[in-house]
Student: 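Following this message is one structure expressed as structure tokens.
Side chains are part of it too, since the values below use all heavy atoms of this structure and drop only hydrogens, waters and symmetry mates. It should be emphasised that the depicted structure is a prediction, and the values quoted were computed from it without experimental measurement. Quick note on labels: first sequence line is chain A, next is B, and so on, each numbered from 1.
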2 protein chains.
Amino acid sequence: MSPQRRAGLGTNQEAVRRHNLGTLLRHVHGAGQISRAELTSLMGLNRSTIAGLVGELESLGISERAMPADGPRQGAGRPSAGVRIAAEGPFVIAVDLGVDRAVVARVGLGGRVLERAQAPVHSDGEAWQVGAAVAALIRRVVEGAPAAAPLVGIGISVPGLVRRNDGLIRLAPNLEWHDVSFGGIVLAALGLDVPVSLANDADLGALAEHIRGAGVGIDDLIYVSGNVGVGAGVITGGVRLEGAGGYAGEVGHLRFNPQGRPCHCGNRGCWETEVGGHAIAEAISCPPDKVAQLDEVLEGYTTPTPELRATGTALGHGLASIVNTFNPRLIVLGGYFRSLYPLVRGEVNAGLADRALPAPLESVTLALPGLGSDSALLGAAEIALEPLFVDPVAALGSALVDVGSLLAV
Amino acid sequence: MSPQRRAGLGTNQEAVRRHNLGTLLRHVHGAGQISRAELTSLMGLNRSTIAGLVGELESLGISERAMPADGPRQGAGRPSAGVRIAAEGPFVIAVDLGVDRAVVARVGLGGRVLERAQAPVHSDGEAWQVGAAVAALIRRVVEGAPAAAPLVGIGISVPGLVRRNDGLIRLAPNLEWHDVSFGGIVLAALGLDVPVSLANDADLGALAEHIRGAGVGIDDLIYVSGNVGVGAGVITGGVRLEGAGGYAGEVGHLRFNPQGRPCHCGNRGCWETEVGGHAIAEAISCPPDKVAQLDEVLEGYTTPTPELRATGTALGHGLASIVNTFNPRLIVLGGYFRSLYPLVRGEVNAGLADRALPAPLESVTLALPGLGSDSALLGAAEIALEPLFVDPVAALGSALVDVGSLLAV
DNA sequence: CGTTCCCGTCCTCTCGCACAACAAATTCTG
DNA sequence: CAGAATTTGTTGTGCGAGAGGACGGGAACG
């Protein structure tokens, strides 16, 4: 959003152009197709300036001219030509690393999934084995890419704590990884050198839901991901909350019940011991080896068991703490909560209303992900695309063309 | 930091100038006095551009030329002239509203307290009575202001929930206020019309500590204010965390002990029932009517009682939740915690280390406020000054000159 | 005491956006 | 159905802001 990364810097004319070009692209990316007239009013710039920016984007091969969007006009006047993402424009690779499977997609600007592949991952697998599997999936989705289309980068969603400086995976409890440089592993397996970004899955879920999911236009939202572990991604004031090291949002280890069950973190009664995957499984007597398919099992229920209702209340109580600390306008319930919430909506809402302060409670809404189970995947695409919005020219400069043949075996 | 308020807008040349002028002033404000050479390197702009900006600031009467700062030179070359805040430059009124007293100060750019006054406030006072008392204090501190110096605005720190859109005090539990428009009340009592900003005391404490306290240069910090209630102000990525309505940071009502004491919010065992003013008072058998002087009572201790040590542990455990959710680099302990922490440092640190996740724990530090008990007051000055850094020219345009005679009875 | 280094000032240049005028494309209206 | 009204795209001009170089000033260093 800002023309410079570090605060306190001045702005020169070069930065203005970069910023405007990036912001324009961000709008096209967000809307898929947009008219130049809408761009003028959105960005508050002159028609002629927009024309110049659009022209530069076209000459970079990022966007292309489109026919005016047909539909009900809202008045007289010449219809405004459309700007849309070029068919052979830049793309990224998005990776959603789960505890039992990896999903890889080739994603273009505008958030379109152009190709997708997935494979199971052994939860006791070594990092290099997983990296090789991911690399194989990447080769597969890149195969059909047009030779002219540049690869901007790779974004990876990780179920764990990721250091934001360098993308090191500090801890992925359910993969049993400590201090794994997964980005480097994947690049080595590919034999490529492109920008790689890694981030926590809940953080990326929040980002994706903010840009093109249930939270479009909402600048303060939280994505709560309920998997085996529970985490939250926070968007506040329209930007990601990262924290000093990038570990912000670990709400799964909020103190919930001091007399509760021991948690893998060493404490007792963390929130995730009451509402995480294992707790839900226990509530419906699901055998531990089927926790990975918990969502399918939950889909089978039409009425909740008393134990599930208690879990719903615990979920609401925990969400109340989140509402009190972050005061979001929207909470998106992802992961297993996506299947759980419809069953125990009443209990969750009641638990939340019971424990949250009135002021922050009155403006908050609970919702399911608008992107289904793809939130983290599309969020991974977003962080990989991010450099394009900061400086389109520079990002294209460090992109790779003809990746298909580069990766051909 | 950004040249435009709303995201998604473009930047034109006017905005560039505004941004650069504001950023320059922010640097002068932060450093008190700074050389033009430092400004060039900090802002990354050309010498001649800085000269132009400094000249404009001088002609606006905001800054003035200063002799080169004497001290150890770091090399040869012509010494760089200094830029410092003008003696008769713009100022603001800062108000720190407490449950038992109000402090009012006239504060200039650079954060200098030019005048200060305070008065007791009855905790069962009506809002208009408190407003009248504050107005009287304001008249007193404005009396000696130079006629040429413009009043930019009034900033008020409130021990409660403040709506960020309009500054309405939604709830100030210890003043027993609900939905009070205190800004309007004070303005009416003064018979003036200047910009008034209100915010939560912990939020302002965090802001002040970030700009000129213990957290200078630290972009992810939390100010935990332990008074009768417990709240937190959060700076993340260098900006204030506000939340959708402005209520973010109400960590006092984090679930701590489900079997604990009832809290005024209606729940049981909120964190502030274990570490708030009343809990501390109980731990040292301080009579309830002396809770307001709790810090003085605490100063009298040299070794903690076992009850105080337990409170320290509870403080550490709660801070662990804060560390896990926000991943700050610094936590500043304000309010009564300022007196409590030195007594039970070991217990707090141990409780924190015991419950926080290793990754966010390793980079966090606990500290006492660098501004003593003035954090919230100086934070109030900062939000009142804020418009100057966004657009100095516009802010001066809406400022009032010769306030001294305007307010004379 | 001269050299070196750095800073402030002045001037010119470049670049990006705004603005105005005109052409083009569609809707509205009589 | 034709002309007016409206909105947009295009083009050329102007303005403003920062960059960059030339010059002189002031202090440290040898």
Side-chain angles (χ1 to χ4, degrees), chain A residues 3-4 9-24 33-59 63-84 391-393, chain B residues 3-4 9-24 33-59 63-84 391-393:
Chain A
Q4 64 279 329
L9 267 73
T11 305
N12 55 21
Q13 295 191 101
E14 198 188 328
V16 170
R17 185 67 171 185
R18 261 205 311 271
H19 169 73
N20 285 347
L21 200 59
T23 305
L24 182 73
Q33 170 158 346
I34 189 168
S35 75
R36 298 157 80 128
E38 289 173 288
L39 287 169
T40 16
S41 82
L42 278 172
M43 294 184 59
L45 299 179
N46 193 280
R47 279 210 301 270
S48 55
T49 307
I50 295 291
L53 293 167
V54 168
E56 185 164 353
L57 231 46
E58 277 171 19
S59 72
S63 73
E64 60 190 17
R65 249 191 128 95
M67 292 275 75
D70 44 339
R73 299 250 180 291
Q74 63 263 32
R78 173 177 175 175
S80 187
V83 181
R84 71 154 170 252
D391 187 347
V393 179
Chain B
Q4 64 279 331
L9 268 73
T11 305
N12 55 21
Q13 295 192 105
E14 199 189 327
V16 169
R17 185 67 172 185
R18 260 206 310 272
H19 169 73
N20 285 348
L21 201 59
T23 305
L24 183 77
Q33 169 158 348
I34 189 169
S35 75
R36 300 156 79 127
E38 288 172 289
L39 287 169
T40 28
S41 83
L42 278 172
M43 295 184 59
L45 299 179
N46 194 281
R47 276 210 303 265
S48 53
T49 307
I50 294 293
L53 292 167
V54 168
E56 184 163 354
L57 230 46
E58 277 171 19
S59 72
S63 73
E64 61 189 18
R65 250 190 128 95
M67 291 275 76
D70 45 338
R73 297 253 181 291
Q74 63 262 32
R78 173 177 172 175
S80 185
V83 182
R84 70 153 172 252
D391 187 347
V393 179

Student: Taking Watson-Crick and G-U wobble pairs with both distances under 3.5 Å, convert DNA chain D into its dot-bracket string, 5' to 3', dots for unpaired and | for cross-strand pairs.
Tutor: ||||||||||||||||||||||||||||||
Student: Return the set of residues passing salt bridge (Lys or Arg N to Asp or Glu O under 4.0 Å) with B:Arg47 (not counting sequence neighbours), or none when no residue passes.
Tutor: none
Student: Whole-Å distance between C:dC13 C1' and A:Asn12 CG?
Tutor: 16 Å
Student: So if I define the base as every atom that isn't primed, P, OP1 or OP2, how would nucleotides 20-25 of chain D read as a B/S/- string at a heavy-atom cutoff under 4.0 Å?
Tutor: B-B-BB
Student: Going by the rule side-chain hydrogen bond (donor to acceptor under 3.5 Å, both in side chains), which residues pair with B:Ser35 if we only count those two or more places apart in sequence or in a different chain?
Tutor: B:Glu38
Student: According to the side chain to side chain donor-acceptor pair (under 3.5 Å) rule, which pairs have a member within residues 50-59 of chain B, sequence neighbours left out?
Tutor: B:Arg17-B:Glu56
Student: With sequence neighbours excluded, what pairs up with A:Ser80 under the side-chain hydrogen bond (donor to acceptor under 3.5 Å, both in side chains) test?
Tutor: none
Student: Under 3.5 Å, is there a donor-acceptor pair between the side chain of A:Thr49 and the main chain of A:Leu45?
Tutor: no
Student: Quick one: list whatever passes side-chain hydrogen bond (donor to acceptor under 3.5 Å, both in side chains) with A:Arg36, sequence neighbours left out.
Tutor: none
Student: Between B:Arg36 and A:Glu14, which is nearer to the 5' end of DNA chain C once each is assigned its nearest nucleotide?
Tutor: B:Arg36
Student: Between B:Thr49 and A:Ser80, which is nearer to the 5' end of DNA chain D once each is assigned its nearest nucleotide?
Tutor: A:Ser80
Student: Go through the structure and list residues passing side chain to side chain contact (heavy atoms under 4.5 Å, CB included) with A:Ala76, not counting sequence neighbours.
Tutor: none
Student: Please determine whether any donor N or O and acceptor N or O are separated by less than 3.5 Å between the side chain of A:Gln13 and the base of C:dG16.
Tutor: no
Student: Who are the side-chain hydrogen bond (donor to acceptor under 3.5 Å, both in side chains) partners of B:Gln33, not counting sequence neighbours?
Tutor: none
